[in-house]
Number of protein chains: 2
Amino acid sequence: MILVDNISEVKLSGNELKNYRRKKKILDLLYREDTLSATEIGKRIGVSVPTSLSLLKELSQKEFVEFKGTGESKGGRRPAMFGLKQDSILVMACELGRYTGKVGVFDSHNKLVAPMVKFKASIDDKDLIEKIADEVDKIAKDYNIDTQRIFGVGISMPGLIDEVNGINYTIKDKKLQNVADRIKARFHKLVYVNNDARMQAYGEFVFGQAKGHQNALIINWNWGLGMGMIMDGKLYNGATGFAGELSHTKYEEDGDLCICGKRGCLETVTSVYVLIRQAQEGVREGKVSQLTAKFKGREEEIGVEDIIQAARQGDEFSIFLLNSVGLALGKALSNAIQLLNPDIIVLGGAVSEANQYVLTPIQQSVNRHCLEQISGNIQIVISENWERSGLLGTTAMLYQKLFSNMLV
Amino acid sequence: MILVDNISEVKLSGNELKNYRRKKKILDLLYREDTLSATEIGKRIGVSVPTSLSLLKELSQKEFVEFKGTGESKGGRRPAMFGLKQDSILVMACELGRYTGKVGVFDSHNKLVAPMVKFKASIDDKDLIEKIADEVDKIAKDYNIDTQRIFGVGISMPGLIDEVNGINYTIKDKKLQNVADRIKARFHKLVYVNNDARMQAYGEFVFGQAKGHQNALIINWNWGLGMGMIMDGKLYNGATGFAGELSHTKYEEDGDLCICGKRGCLETVTSVYVLIRQAQEGVREGKVSQLTAKFKGREEEIGVEDIIQAARQGDEFSIFLLNSVGLALGKALSNAIQLLNPDIIVLGGAVSEANQYVLTPIQQSVNRHCLEQISGNIQIVISENWERSGLLGTTAMLYQKLFSNMLV
DNA sequence: AATCTTTGTAAAAAATTTTATCAAACACAT
DNA sequence: ATGTGTTTGATAAAATTTTTTACAAAGATT
């Protein structure tokens, strides 16, 4: 199998090109639908059954596709089902946070072929790529994975990222900003780099709560406030790849100073930082609260999970804190909702674990600030598999890119 | 020629379907590119030159396509160019405002085949469709146009519109909301209905200032504040067709009461209404201004164009008014820019005529409120052909729909 | 049990691409 | 300016691919 960056570089005759495109479509279809019959494939790619079958035969000979048993009858002879050959094409997905990273190797059924590994890393690490490579080598050795079968490497990370060229403008050292080139130099495989919130969004769209929703907003409610957008069934990156900057939309005139240098950004009102700072201040002031009882004198140890746990046990101060960040996020989301008219909003990240303690105020706030016709058609939910959605989104994106760049 | 609402209703054999799709693609290509050679068409639709030529021959026999002379050589024999046969397929586009409407009949070169006609109408008129039909009949009679050759009817109007079903939820009488059905019942042609701001946006994208920009925001700055969005090269409607509600995004907590029932909407700060009201108040208070000199005692006669004209002549009060609505719009746009990361913003409508008097404050405001990396890559311009962009957008959309619903 | 559907296969028929050929236009050297 | 080599475009015939048709097999429905 050959992988090319630019199809037009390889010259194919008319028929070869036609066949190449059709086989690509088949692989893509089988990735999405798991198994399909020759008849169904023929219908979907617009060829007759004999042609569809001969293409499948070719793909089988090249070990990309295999017979997966007979399927259910729809009123006649039972069809032979075809699917991607397990383990023949693997990808590697990595997600970086502010201080940690995780990496996993996935097969074409989006299943981990070895347990996910976590490690310490930051986007500014000079030897970031080597660190990741070491982790992958370890996995490959421990679980006997042939790295030759890994065809794509995808990385998601915080920052303003141009996904077309794989450049992260938030990395301090200019020489390290072109992440895609660095990965390519080390791995020599298909590379994909994008923002963490966007890949989580894509994961939620392909596998999670936003599945089937063509217009979705997915919020990563954490130290910052990332937003990924699915518009008309496609991941939206914006003109230069900076779409979804919810964090630094203006929330209040002359508010607190933000790390971005401006004042009153949403991030200064409703991120994990704010929640913890407010909790700390409350404890120092001696507010009546479980938190005061537990953390008085060592306020710096308070974590979001402590606030959420206290709220669950009925602690009014904690509930108040969560309620107020919820109301603020809801108000900010209202503007986004009126501009984008999504049909679902999925919340993920540390704060979203608070569940109804934030969901209710958000919903309240949205109802208050949006036109009823717009807010009436919207679902707001909390992600059920946030831990994995980033890696899964990257995996899905890699397979998609792979099947549109592969010379079978 | 046959027009079908749903291709799957008509059963075609495999080859017929394949050919139908290819011919559709050719018509669409020729609509976009005006003229193309058989070789170029073959490349674009993925067939060989002989096949491309035989398809073109078929289309020529059916009078959709004609030979348009020989084109320029690219280093060899000069190619025979093909294009859509002029006047063989016409469409009718209508744009409604709050109190008036305009209608025109266009050919496949997006040229009016008769002068545009203006008339009085409102979206709540019971006999709206009849009114439009009368105007078209008049045009057809006066300019000898065969209405049989009109294959599509498109209407754009203010309101919350579901473009998929052609329903305008802002029309007061529920029975009149389904505009698409009403048009279809009268004209029996392909019908398209959408919001006015969105069709203006599409017009600017296909023919105007936003041409070539894959991510654009187009603002209709008028009695309300409409916004149309082009995202990844496609017109964005939102999940239920309500995207772009800039008018009713919250601008200030506890601001003035808006017609929507909420307080502090952007519309209450920066629409034509506001501008005129502020001018009227100033004149009543006896502010030093050309406007006071001219309109004292008959303040209700002040129009936007008066304010703009005064500003052009150096009137400080008028300049101040335009400056302040510009700053406000800029601030509101900043949030939209950070969420959507467009590469161009096009301003149209009455207020935008003020040109640099509003452009400068908007740019200022955007620079102040956006992250530099995002605002640095954005152009903000004023439309050059706003008067026509709505009708042209509708025309382009109709041809697009037409070529994907036509059985040639 | 008879009939209707769907799937799969092989041979015939049709459609499409290749290849070859020629003409036209241009670039470049002389 | 002229000639040569190269590129592009058009067309016909040959080669190849794809669809159609016909039919058998397998299961669902009545």
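Residue numbers start from 1 in every chain, and the chains themselves are labelled A, B, ... in the order their sequence lines are given, proteins ahead of strands.
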Taking 4.0 Å as the cut-off, does a side-chain nitrogen or oxygen of [X] come that near to OP1 or OP2 on [N]?
| X | N | answer |
| --- | --- | --- |
| R22(A) | dT17(D) | no |
| N19(A) | dT17(D) | no |
| N15(A) | dA15(D) | no |
| R78(A) | dT5(C) | no |
| K18(B) | dT19(D) | yes |

Can you tell me how far [atom2] of [N] sits from [atom1] of [X], to the nearest Å?
| X | N | atom1 | atom2 | value |
| --- | --- | --- | --- | --- |
| L53(B) | dT11(D) | CG | C1' | 9 Å |
| I45(A) | dT19(D) | CD1 | P | 9 Å |
| K43(A) | dT6(C) | NZ | P | 8 Å |
| E16(B) | dA14(C) | CD | P | 14 Å |
| L55(B) | dT11(D) | CG | C1' | 16 Å |
| L56(B) | dT11(D) | CG | P | 11 Å |
| R77(A) | dC4(C) | CZ | C1' | 17 Å |
| K23(A) | dT18(D) | NZ | P | 10 Å |

P79(A) side chain: which of dT7(C), dT16(C), dT17(C) is closest?
dT7(C)
Can you tell me which nucleotide in dA10(D), dT19(D), dT17(C) comes closest to the side chain of T51(B)?
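Between dA10(D), dT19(D), dT17(C), the one nearest the side chain of T51(B) would be dT17(C).
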Taking any heavy-atom pair under 4.0 Å as a contact, classify T39(B): base, sugar-phosphate, or nothing.
sugar-phosphate
For the pair R32(A) and D28(A), find out whether any cationic side-chain nitrogen is under 4.0 Å from an anionic carboxylate oxygen.
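Counted as a salt bridge, because a side-chain N and a carboxylate O are separated by less than 4.0 Å.
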Does the side chain of [X] reach to within under 4.5 Å of the side chain of [Y], using non-hydrogen atoms?
| X | Y | result |
| --- | --- | --- |
| F403(B) | K25(B) | no |
| L190(A) | F151(A) | no |
| F205(A) | L235(A) | no |

Member of V346(B), I230(B), I344(B) meeting the side chain to side chain contact (heavy atoms under 4.5 Å, CB included) criterion with E204(B)
V346(B)
Residue mapping more 5' on DNA chain D - nearest nucleotide basis, F82(B) or G46(A):
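Counting from the 5' end, the first nearest nucleotide belongs to F82(B).
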